[in-house]
Trainee: 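Sharing a structure, written as structure tokens. Questions coming.
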Amino acid sequence: MGEFKSDIEIARAARKKPIQEIGAKLGIPVEQLVPYGHDKAKVSAEFIRSLEGRPNGRLILVTAINPTPAGEGKTTTTVGLVDGLNRIGKKAMVCIREPSLGPCFGVKGGAAGGGHAQVVPMEDINLHFTGDFHAITSAHNLLSALIDNHIYWGNEQGIDVRRVSWRRVMDMNDRALRDIVCSLGGPSNGFPRESGFDITVASEVMAILCLAADLADLERRLGDIIIGYRRDKSPVFARDLKADGAMTVLLKDAMQPNLVQTLENNPAFVHGGPFANIAHGCNSVIATRTALKLADYVVTEAGFGADLGAEKFFDIKCRKAGLDPAAAVIVATVRALKMNGGVKKDDLGIENVEALTRGCANLGRHVANVRRFGVPVLVAINHFTSDTEAEVAAVKDYVSRLGTDAVLCRHWADGSAGIEELAQRVAELADSGQAAFKPLYPDAMPLMEKIETVASKIYHAAEVTADKAVRDQLAQWEAQGYGHLPVCMAKTQYSFSTDPTLRGAPEGHAVHVREVRLSAGAGFVVAITGEIMTMPGLPRSPAAERIALNAQGFVEGLF
């Protein structure tokens with residue numbers, strides 16, 4: 001067996017078509033594309049508005065088991081499935097998130113797929129791309145600057161400097177900025193106060209951009225942002241500081257979906273990127289809605305395992321955007337299931353059907369959870385060369401006992417040719433009319449009950465604990481008219497519990513909510529559990545140490 005090429009080597013060898021040709025496949029006129037070079041473009045708001053009367057295609061969600069260091073390949077499978085659907089004669093396109101620079105230079109790597117199932121140009125997508133994240137960072141920090149400026153010039157709104165909740169953001173992992181004191185240096189620099197930085201993908205502005213229907217909705221939502229409170233605890237909104245108009249101006253271009261292509265020249269929207277363990281982990285509503293007007297099948301993904309990504313996709317994105325998913329695919333690997341069964345990473349290459357079968361409990365939990373939303377599901381086994389026939393058979397047997405099928409997929413190595421069977425099965429399932437989507441809880445349920453419902457039904461927790469201050473805060477928001485909002489759980493991605501080391505399918509654990517944050521503009525309440533951080537740190541040996549330009553001027557080290 002020859003040496004496998006790296007993801008970046010495969011991407012660099014891609015035979016890309018001019019982006020105008022990719023647009024033509026979807027019926028987008030050249031004049032309605034705003035090109036960024038030869039291989040990426042934004043789709044104009046005018047063209048998007050012209051699609052309103054068209055029927056929608058089928059929406060297919062790709063989600064996964066809980067991630068492990070062994071790798072699952074969710075984005076790779078999402079991209080591969082679209083290539084497979086086009087290969088069998090379907091008109092399909094992909095909708096995924098833009099990667100954050102922080103994880104690219106940290107530990108997770110990029111998010112453009114892998115092997116022979118990628119979106120390209122991979123280097124651009126993983127780095128600055130079309131500048132969307134920079135625009136979001138700037139809009140967020142403009143509001144931050146306006147807050148301190150307002151306080152400096154007399155504080156007409158009566159903002160309590162102890163209760164400013166709006167922080168600053170940057171798109172990099174930097175633990176040193178989690179908690180800061182700003183405005184030091186005397187009267188000319190303002191009033192000192194505690195603050196901090198979150199990563200851009202955790203910004204409420206990111207969530208707003210990804211949930212807004214159009215520019216008018218974007219501006220309204222930005223105005224709804226609560227930046228802090230007065231001494232009487234009444235909220236101060238971004239519109240009170242006249243920030244919403246200027247923020248919208250900065251985000252005008254970022255609101256337009258980015259069109260790129262897969263390695264097999266099929267169309268892809270890569271747009272927006274809220275973190276999945278902090279925010280709602282889905283690409284933009286505007287990209288998904290536009291794709292549904294342009295293609296018969298739209299394949300999208302939600303971040304991390306189904307306990308986070310799929311739950312938020314269903315309970316936040318689909319609920320708020322009126323989306324109706326037709327089918328779901330849960331991605332698993334033999335290696336990751338063995339790890340869930342207790343096998344150490346160094347021993348994953350050794351056949352171990354017993355541990356694999358134990359680890360399948362994690363997969364079974366995710367299958368049951370997705371079905372709870374009324375969405376039919378298939379399992380994709382993302383193939384690794386170390387998988388044995390006995391191990392693959394064990395997964396298929398386990399899944400068949402759940403009343404569905406697991407399909408072995410070789411798209412990483414073989415592109416669309418390796419995923420034809422899954423594409424055929426997904427198309428049949430999406431067309432079958434089996435889906436009867438419904439969110440997990442009604443809008444009218446109290447906020448604490450919503451948190452408890454997710455924890456008990458999705459995480460299988462025995463109880464939710466929260467300090468009195470958290471419960472009082474939720475009650476106060478309900479009194480202010482925010483009780484109808486969905487909840488966005490900030491939880492470790494590695495486990496159904498809040499303990500990242502607890503693999504498999506734990507039962508009866510406690511979920512402690514240590515903090516709640518109101519994202520009034522985005523339209524959800526964030527419940528922060530366990531040790532989750534809204535500003536990650538870099539690992540001991542960050543990926544940045546291995547990223548550089550080679551002698552030919554090409555980027556090396558991205559993966």
Side-chain angles (χ1 to χ4, degrees), residues 101-102 131-172 174-209 212 215-255 274 278-279 473 477 480 482 515 517-523 526 534-535:
L101 285 177
D132 292 346
F133 283 21
H134 301 313
I136 290 162
T137 303
S138 297
H140 181 113
N141 291 334
L142 169 63
L143 179 54
S144 304
L146 288 171
I147 293 165
D148 287 301
N149 187 61
H150 183 89
I151 294 167
Y152 177 81
W153 288 108
N155 197 4
E156 185 184 325
Q157 287 292 331
I159 300 167
D160 186 344
V161 294
R162 302 165 304 172
R163 292 192 172 95
V164 175
S165 53
W166 192 255
R167 291 154 60 90
R168 286 167 165 80
V169 297
M170 65 181 291
D171 193 26
M172 190 51 60
D174 191 347
R175 63 174 59 81
L177 293 177
R178 283 174 186 155
D179 295 289
I180 65 167
V181 179
C182 59
S183 303
L184 296 177
S188 63
N189 291 353
F191 294 84
R193 63 180 183 86
E194 288 185 56
S195 187
F197 277 76
D198 295 328
I199 192 165
T200 296
V201 284
S203 165
E204 185 179 352
V205 176
M206 173 69 83
I208 286 171
L209 181 124
L215 282 172
D217 188 34
L218 176 75
E219 184 164 354
R220 179 189 63 76
R221 288 170 177 271
L222 291 170
D224 285 344
I225 290 171
I226 293 174
I227 63 93
Y229 297 86
R230 300 177 181 88
R231 284 182 176 267
D232 64 2
K233 296 188 180 176
S234 62
V236 182
F237 297 95
R239 71 169 57 88
D240 295 331
L241 304 180
K242 301 181 177 67
D244 43 342
M247 293 171 75
T248 304
V249 167
L250 284 175
L251 296 169
K252 171 176 66 73
D253 294 336
M255 264 295 281
I278 299 166
Q473 181 66 83
W477 287 335
Q480 292 170 349
Y482 295 108
E515 183 186 348
R517 296 181 183 179
L518 173 58
S519 294
V526 181
T534 53
M535 169 55 89

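In this text the structure is predicted, and so the values were computed from the model without any measurement.
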Trainee: For S203 versus V205, what's the shortest heavy-atom pair and its separation?
Mentor: OG-N, 2.9 Å
Trainee: Checking Q480 side chain against P235 main chain: does a donor-acceptor pair fall under 3.5 Å?
Mentor: no
Trainee: Side chains of L184 and P192: closer than 4.5 Å at any heavy-atom pair?
Mentor: yes
Trainee: So, applying side-chain contact (heavy atoms from CB on, under 4.5 Å) with L241, which one of I147, N149, I225 is it?
Mentor: I147
Trainee: Go through the steps for D148 and R193 under the test salt bridge (charged side-chain N to carboxylate O under 4.0 Å, His left out), then give the verdict.
Mentor: CA-CA 10 Å; D148 287 301; R193 63 180 183 86; 2.9 Å; yes
Trainee: Please determine if D244 and R220 form a salt bridge, counting it only when a charged side-chain N lies under 4.0 Å from a carboxylate O.
Mentor: no
Trainee: Quick one, D174 and F197 - any side-chain contact, counting heavy atoms below 4.5 Å?
Mentor: no
Trainee: Has the side chain of N141 got a donor or acceptor atom that lies under 3.5 Å from a matching backbone atom of S144?
Mentor: no
Trainee: Between D198 and M535, is there a donor-acceptor pair closer than 3.5 Å when you use the side chain of the first and the backbone of the second?
Mentor: no
Trainee: Tell me if a side-chain donor or acceptor on H140 pairs with a main-chain N or O of R167 at a distance below 3.5 Å.
Mentor: yes
Trainee: Mark yes when over 12 heavy atoms from residues, nucleotides or ligands other than E194 sit less than 6.0 Å from its CD; otherwise mark no.
Mentor: no
Trainee: Within a strict 4.5 Å, meaning less than it, do heavy atoms of the T248 and L222 side chains meet?
Mentor: yes
Trainee: For the OG atom of S195 and the CH2 atom of W166, what is their distance to the nearest 0.5 Å?
Mentor: 11.0 Å
Trainee: Minimum heavy-atom separation for I151 and V164, please, with both atom names.
Mentor: CD1-CG2, 4.3 Å
Trainee: For D171 and T200, test the side chains for any donor-to-acceptor distance below 3.5 angstrom and give the result as yes or no.
Mentor: no
Trainee: Judged by atom type as modelled, is there a donor-acceptor pair below 3.5 Å linking the side chain of S519 to the main-chain atoms of G521?
Mentor: no
Trainee: With rounding to the nearest 0.5 Å, note down the distance linking CD in Q157 to CZ in F237.
Mentor: 10.5 Å
Trainee: Considering all heavy atoms of both residues, which atom of C182 and which atom of R168 are nearest to each other, and what is their separation?
Mentor: SG-NH1, 4.4 Å
Trainee: Evaluate the side-chain proximity of D132 to L209: yes if any heavy-atom separation is below 4.5 Å, no if none is.
Mentor: no
Trainee: Report yes if the side chains of L215 and M255 come closer than 4.5 Å at any heavy-atom pair, otherwise no.
Mentor: yes
Trainee: Could you tell me which non-hydrogen atom of G190 sits nearest to which non-hydrogen atom of Y152, and how far apart they are?
Mentor: CA-CD1, 3.7 Å
Trainee: Over all heavy atoms of both residues, which pair between L143 and A243 is shortest? Give the atoms and the distance, please.
Mentor: CD1-CB, 3.6 Å
Trainee: Once you round to the nearest 0.5 Å, how far does CG of L101 lie from CZ of F133?
Mentor: 8.0 Å
Trainee: For D224 and A520, work out which heavy atoms get closest and say how close.
Mentor: O-CB, 3.4 Å
Trainee: For a salt bridge (charged side-chain N to carboxylate O under 4.0 Å, His left out) check, start with the C-alpha distance between R230 and D160, then their side-chain angles and the critical distance, and finish with the verdict.
Mentor: CA-CA 5 Å; R230 300 177 181 88; D160 186 344; over 6 Å; no
Trainee: To the nearest 0.5 Å, how far apart are CG in L177 and CZ in R175?
Mentor: 11.0 Å
Trainee: Please walk me through it: do L146 and I227 pass side-chain contact (heavy atoms from CB on, under 4.5 Å)?
Mentor: CA-CA 10 Å; L146 288 171; I227 63 93; over 6 Å; no
Trainee: Hey, mind stepping through K233 and R163 against side-chain contact (heavy atoms from CB on, under 4.5 Å) and telling me if it holds?
Mentor: CA-CA 8 Å; K233 296 188 180 176; R163 292 192 172 95; 3.6 Å; yes
Trainee: Given E515 and R517, is the side-chain contact (heavy atoms from CB on, under 4.5 Å) satisfied, shown in steps?
Mentor: CA-CA 7 Å; E515 183 186 348; R517 296 181 183 179; 2.9 Å; yes
Trainee: Would R221 and E219 count as a salt bridge (charged side-chain N to carboxylate O under 4.0 Å, His left out) if you check the C-alpha gap in whole Å, the side-chain angles of each, and the deciding distance to 0.1 Å?
Mentor: CA-CA 5 Å; R221 288 170 177 271; E219 184 164 354; over 6 Å; no
Trainee: Under the criterion side-chain contact (heavy atoms from CB on, under 4.5 Å), I'd like the reasoning laid out for Y229 against I226: C-alpha separation, chi angles, the key distance, then a yes or no.
Mentor: CA-CA 8 Å; Y229 297 86; I226 293 174; 3.9 Å; yes
Trainee: How many angstroms lie between CZ in R231 and CD1 in I159, if you round to the nearest 0.5 Å?
Mentor: 12.5 Å
Trainee: Look up atom OG in S234 and atom CG in D240, then write down how far apart they are to the nearest 0.5 Å.
Mentor: 9.0 Å
